[in-house]
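Atom set for the values below is all heavy atoms of this structure, side chains included, hydrogens, waters and symmetry mates excluded. No experiment lies behind these values; they were computed from the predicted model shown.
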Amino acid sequence: MPELPEVEIIRQSLDKKIRKKKVKKVIIRNKNLRVKIPNDFKKFLEKKIINKVSRFSKYLIIYLSNNKFCLIHLGMSGTIHLIDPNNKKDFTNLSFYNSSFLPKKHNHIEIIFDKFKIIYNDPRRFGFFQMIKNSDDLKRRLMHLGPEPFEDKFNLKYFFKFIKNKERTIKDLLIDQKFVSGIGNIYASEILFLSKINPQKILKLLSEKECSQIIRNSKKVLLDAIDKGGSSIRDFKNINGNKGGFQDNFNVYHREGKSCKRMNCGGIIIKKVITNRSTFFCNFCQN
DNA sequence: AAGAGGCCCTGATAGC
DNA sequence: TGCTATCAGGGCCTCT
């Protein structure tokens, strides 16, 4: 499910809910995730107070009161559910569902607080929960990731270093987390549409102007998506109050065969597999 | 050494 | 209706 905007939406609501709260109990229902949940994970979290819920790229970082961290990645299908019998009003975004909508299968972890609990569900098991023992380890763990699009470091000079003499396509580079982190398959297509660049364009052929466009639109698309509460493609049917999904704003993603939304363009949206991922673009204004 | 491709896993949907 | 094939928002590993 989640690219940077979706993870940020989850972070915001999770932080609001569990900050300064004490973990009462942890139940491991199924330890098989991308990284197997270690035996001492229960002990790692129990009795600790959550200082805050932070995020880098698509990773959630839970700061614990003992200066350790819990690093969470949702993979493709990880979701976090709030079960709070006393407060139905909290079920207002992507990550939180009324308890009656909680899937019966694939619950992996339950984290129980005093008055509510959260459940991690992940059918495809590409997500993970990891214990990080100090900030140096955290830094090391995330070291391989490039800057987020919002950072000053993500500028023209940085961009040029990655495209010089390179034969890869721009689409492939945009979803490469070592280059820039947080952009996934949906937003890569959307960013290139706004930039009027064909996703198959070879890196070494990109002009300075085109690179600037991509830098600017990377920020724009992700910020707009956060503003709209993220995107949910395969819309989970029974989410309360999940309006304003960014999926309604998609210009190209999942719009194969439809007409281009750009004023007076007249082009048709094409779907093409680029390095094993579906990519969408206009056959007219993105050439 | 860059870049393509496969693999981890389950479920929803498309197509016959 | 019921089967099978394909595809899914991520990331990592291997092979050439």
Subject >> Pairwise P distance, dG6(B) and dT6(C) [rounded to whole Å] >> reply: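 One P to the other, the span is 13 Å.
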Original post:
Rounding to the closest angstrom, what is the interatomic distance between dG5(B) and dC7(C) at atom P?
Top reply: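 Straight-line distance between the two P atoms is 15 Å.
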**OP:** Using a 3.5 Å limit on both pairing distances, list the dot-bracket string of DNA chain C from the 5' end; Watson-Crick and G-U wobble pairs count, crossing pairs take [ ], interstrand pairs take |.
**Re:** .|||||||.|||||||
**OP:** On DNA chain C, check which nucleotide each of S278(A) and H144(A) is closest to and give me the residue with the more 5' one.
**Re:** S278(A)
Taking atom types as modelled and ignoring hydrogens, do the side chains of [X] and [Y] form a donor-acceptor contact shorter than 3.5 angstrom?
{"X": "D122(A)", "Y": "S77(A)", "result": "yes"}
{"X": "T279(A)", "Y": "K171(A)", "result": "yes"}
{"X": "S278(A)", "Y": "Y253(A)", "result": "no"}
{"X": "K133(A)", "Y": "N66(A)", "result": "no"}

Among [options], the one nearest [X] by side-chain distance:
{"X": "N185(A)", "options": "dG11(B), dG10(C), dA8(C)", "value": "dG10(C)"}
{"X": "E3(A)", "options": "dA8(C), dG11(B), dG10(C)", "value": "dG10(C)"}
{"X": "R277(A)", "options": "dG10(C), dA8(C), dC12(C)", "value": "dG10(C)"}
{"X": "H106(A)", "options": "dA4(B), dG11(B), dG10(C)", "value": "dG11(B)"}

Original post:
Looking across every strand, which nucleic acid part, if any, lies under 4.0 Å from D172(A) by heavy atom: base, sugar-phosphate, or nothing?
Top reply: sugar-phosphate
Original post:
How is K271(A) classified with respect to the nucleic acid when contacts are heavy atoms under 4.0 Å: base, sugar-phosphate, or nothing?
Top reply: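 The answer is sugar-phosphate, as K271(A) gets under 4.0 Å only of primed atoms, P, OP1 or OP2.
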Subject >> K161(A) NZ to F179(A) CZ distance, which is reported to the nearest 0.5 Å >> reply: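 So the gap between those two atoms works out to 10.5 Å.
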Subject >> Contact residues, residues 153-170 of chain A to DNA chain B [heavy atom, < 4.0 Å] >> reply: K166(A), E167(A), R168(A)
Verify the neighbour count for atom [atom1] of [X]: are there more than 12 heavy atoms of other residues, nucleotides or ligands below 6.0 Å?
{"X": "K201(A)", "atom1": "NZ", "result": "yes"}
{"X": "F284(A)", "atom1": "CZ", "result": "no"}
{"X": "K48(A)", "atom1": "NZ", "result": "yes"}
{"X": "K42(A)", "atom1": "NZ", "result": "yes"}

Starting from [atom2] on [N], measure out to [atom1] on [X] and report it in whole angstrom.
{"X": "D176(A)", "N": "dC12(C)", "atom1": "CG", "atom2": "C1'", "value": "12 Å"}
{"X": "L222(A)", "N": "dG9(C)", "atom1": "CG", "atom2": "P", "value": "16 Å"}
{"X": "E256(A)", "N": "dC7(C)", "atom1": "CD", "atom2": "C1'", "value": "12 Å"}
{"X": "D122(A)", "N": "dG11(C)", "atom1": "CG", "atom2": "P", "value": "13 Å"}
{"X": "F128(A)", "N": "dC12(C)", "atom1": "CZ", "atom2": "C1'", "value": "11 Å"}
{"X": "I175(A)", "N": "dA4(B)", "atom1": "CD1", "atom2": "P", "value": "11 Å"}
{"X": "K178(A)", "N": "dA2(B)", "atom1": "NZ", "atom2": "C1'", "value": "11 Å"}

Subject >> Stacked cation flag K219(A) on F150(A), 6.0 angstrom / 45 deg >> reply: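 Checked: cation-pi criterion not met.
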Original post:
Quick one: is dG9(C) close enough that its OP1 or OP2 comes under 4.0 Å of any side-chain N or O from Y253(A)?
Top reply: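 Yes.
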Original post:
Would you say dG11(C) has OP1 or OP2 under 4.0 Å from some side-chain N or O of H73(A)?
Top reply: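 Yes, such a contact exists.
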Original post:
What residue among N121(A), I118(A), N107(A) forms side chain to side chain contact (heavy atoms under 4.5 Å, CB included) with H81(A)?
Top reply: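 By the side chain to side chain contact (heavy atoms under 4.5 Å, CB included) criterion, H81(A) pairs with just one of N121(A), I118(A), N107(A): N121(A).
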Please list, for nucleotides 5-9 of chain B, all pairs of protein and nucleotide N/O atoms separated by less than 3.5 Å.
| residue | atom | partner | partner atom | Å |
| --- | --- | --- | --- | --- |
| dC9(B) | O2 | R124(A) | NE | 2.9 |
| dC9(B) | N3 | R124(A) | NH2 | 3.3 |

Original post:
Are F56(A) and Y59(A) an aromatic pair by the rule of ring centers under 6.0 Å?
Top reply: no
